[in-house]
Amino acid sequence: MAYKRPDGRNYDETRKIEAKVGIIKRADGSAMFSFGNSKAIVAVYGPRQLHPQHLQNPEKCLLRCYYDMMSFSVAERKRPGPTRRSTEVSYVTSNALKKVLKLEDFPNSVIDVYILIVEADASTRCAGINAASMALAHAGIPMKELVSSISIGKIGDAIVADLTKEEEDYSIKKDGKEIKAATDIPFAFQSRSGKISLMQLDGKVSIDDLKRAISLGKKMSKKIIEIQTQALKKVKEDKK
Ligand code: UDP
């Protein structure tokens, strides 16, 4: 039987997306992005001179991303402070974003990107990357293109977009045992070149299914780029 999504969405349908730019006055750039109940807010500071001096690179700017979840953003309170998971998400986020930034324009400098998840229901790294991409553009940092991120999942035989936590945890009974039957593949795509700047895999997937996932991810990322672009335009118009 074909997989039926718990919230009734089509396979190529995201949760409700909300995006807003310019939400934090003191930051050089800021944005909010949500997929349903997964909401990220981002503040960007910089480029500014990097201290201590020995960390400076005369050839390019350092991009530092800090991803964190608020303790009560999840059902089971998360202990405050960094974890192995948040270190990994910060690292892959920085990698996904730095490819589109002209970091060589700002030697000896640093750009700090603070990503805070205020509500979490899976795909939070994707919401964070989307908000961060908008916040960097809002900060006026030269970018070759935007980055849009979406999680694609394989659940049973279905390839679906924007997984919830319930879908990430989808399991089936086999030989009397519950086994995980969902594979989560978060992607980030560069808006103009279509290059993949993030791809992770939690689970197993065949080459054919991975191709289907990339193709759905590309299609969904176009919709996200459109929303990000509209949010950036709106903040410009509101300024006039
Ligand atoms: N989660 C949680 N507590 C944690 C970490 C994660 O409840 O300490 C939940 C949260 O809803 C998160 C989801 O698990 O969105 C999936 O986490 P994952 O590591 O797959 O990253 P994400 O899908 O959020 O990018």
Side-chain angles (χ1 to χ4, degrees), residues 9 12-48 61 63-68 70 73 93-94 96-106 109-121 123-151 161-162 186-195 197-198 217-240:
R9 271 184 290 149
D12 64 349
E13 196 181 339
T14 64
R15 288 171 280 180
K16 184 177 176 218
I17 292 178
E18 282 182 298
K20 198 166 182 221
V21 173
I23 56 162
I24 301 164
K25 276 224 168 72
R26 282 188 61 84
D28 294 312
S30 58
M32 178 284 285
F33 190 99
S34 63
F35 288 113
N37 295 330
S38 284
K39 183 183 280 189
I41 57 172
V42 172
V44 169
Y45 299 90
R48 55 187 171 186
C61 179
L63 177 70
R64 289 192 297 212
C65 292
Y66 305 92
Y67 164 102
D68 197 9
M70 267 166 51
S73 62
T93 297
S94 168
L97 295 167
K98 70 178 163 201
K99 297 183 178 77
V100 302
L101 297 173
K102 295 188 173 171
L103 294 174
E104 59 288 352
D105 286 2
F106 305 99
S109 307
V110 62
I111 298 168
D112 284 312
V113 179
Y114 293 92
I115 302 168
L116 185 61
I117 306 303
V118 292
E119 256 189 297
D121 183 11
S123 307
T124 59
R125 75 195 60 207
C126 302
I129 290 170
N130 291 335
S133 176
M134 294 191 294
L136 286 161
H138 181 227
I141 293 164
M143 293 168 82
K144 297 169 205 153
E145 45 197 327
L146 282 173
V147 176
S148 67
S149 181
I150 179 89
S151 70
D162 183 28
F187 285 104
F189 294 91
Q190 294 171 215
S191 61
R192 237 176 260 147
S193 59
K195 283 184 184 162
S197 64
L198 168 90
K218 265 197 178 155
K219 175 177 150 188
M220 303 313 295
S221 81
K222 287 193 182 123
K223 180 184 164 188
I224 294 164
I225 288 287
E226 185 58 41
I227 294 169
Q228 290 170 302
T229 310
Q230 285 308 324
L232 283 161
K233 268 191 196 150
K234 186 170 185 311
V235 81
K236 258 194 187 168
E237 274 156 22
D238 291 350
K239 252 191 191 169
K240 279 181 196 165

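Computed from a prediction, not measured in an experiment: that's the story for all the values here. All residue numbers refer to positions in the sequence shown, counting from 1.
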Practice item. Would you check, one step at a time, whether the test side-chain contact (heavy atoms from CB on, under 4.5 Å) holds for Phe189 with Lys218? Key: CA-CA 7 Å; Phe189 294 91; Lys218 265 197 178 155; 3.5 Å; yes
**Study point:** Residue pair Leu136, Met143: steps toward the side-chain contact (heavy atoms from CB on, under 4.5 Å) verdict
**Key:** CA-CA 8 Å; Leu136 286 161; Met143 293 168 82; 3.9 Å; yes
**Study point:** Candidate pair Leu97 and Cys65, rule side-chain contact (heavy atoms from CB on, under 4.5 Å), full reasoning
**Key:** CA-CA 9 Å; Leu97 295 167; Cys65 292; 4.2 Å; yes
Review point. side-chain contact (heavy atoms from CB on, under 4.5 Å) between Ile227 and Gln230: does it pass, once the steps are laid out?
Key: CA-CA 5 Å; Ile227 294 169; Gln230 285 308 324; 5.7 Å; no
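Considering only heavy atoms from C-beta on, Pro47 comes within 4.5 Å of Ile141 through its side chain. At a threshold of 4.5 Å between non-hydrogen side-chain atoms, the residues Asp68 and Ile115 do not count as touching. Between Cys61 and Lys102 the shortest side-chain heavy-atom distance does not fall below 4.5 Å. Residues Tyr66 and Val113 fail the side-chain proximity criterion, which asks for heavy atoms closer than 4.5 Å. The closest side-chain heavy-atom distance from Met70 to Leu116 is below 4.5 Å. Taking the side chain as every heavy atom from C-beta outward, Lys98 and Leu103 approach each other to under 4.5 Å. Between Ile150 and Cys126 the shortest side-chain heavy-atom distance does not fall below 4.5 Å. The closest side-chain heavy-atom distance from Val100 to Arg192 is not below 4.5 Å.
The CD atom of Gln228 lies 13.0 Å from the NZ atom of Lys233; values are rounded to the nearest 0.5 Å. Distance check, rounded to the nearest 0.5 Å: CD1 of Ile224 to CE of Met134 gives 10.5 Å. Between the CD atom of Glu226 and the CD1 atom of Ile17 there is a distance of 11.5 Å, given to the nearest 0.5 Å. We find the OG-NZ distance between Ser197 and Lys99 to be 5.5 Å, quoted to the nearest 0.5 Å.
Across every non-hydrogen atom of Thr14 and Met220, the tightest pair is CG2-CE, 3.6 Å. The two residues Ala188 and Val147 make their nearest non-hydrogen contact at CB-CG1, 3.8 Å.
For the pair Arg48 and Asp112, the salt-bridge criterion is met [side-chain N within less than 4.0 Å of a carboxylate O].
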List, one per line, each side-chain donor-acceptor pair under 3.5 Å for residues 35-46, sequence neighbours excluded.
from, atom 1, to, atom 2, distance (Å)
Ser38, OG, Asp121, N, 2.7
Ser38, OG, Asp121, O, 3.3
Ser38, OG, Ala122, N, 3.4
Ser38, OG, Ala122, O, 2.5

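Residues passing the salt bridge (Lys or Arg N to Asp or Glu O under 4.0 Å) test with Asp12 are Lys219, sequence neighbours excluded.
In this structure, the side chain of Ser30 engages the main chain of Ile24 through a donor-acceptor pair within 3.5 Å. With Arg64 contributing its side chain and Ser94 its backbone, the two residues share no donor-acceptor pair below 3.5 Å.
Evaluation of the side-chain hydrogen bond (donor to acceptor under 3.5 Å, both in side chains) test over residues 125-148, restricted to residues two or more places apart or in two chains, returns Glu88-Arg125, Arg125-Gln200, Glu145-Gln190, Glu145-Ser193.
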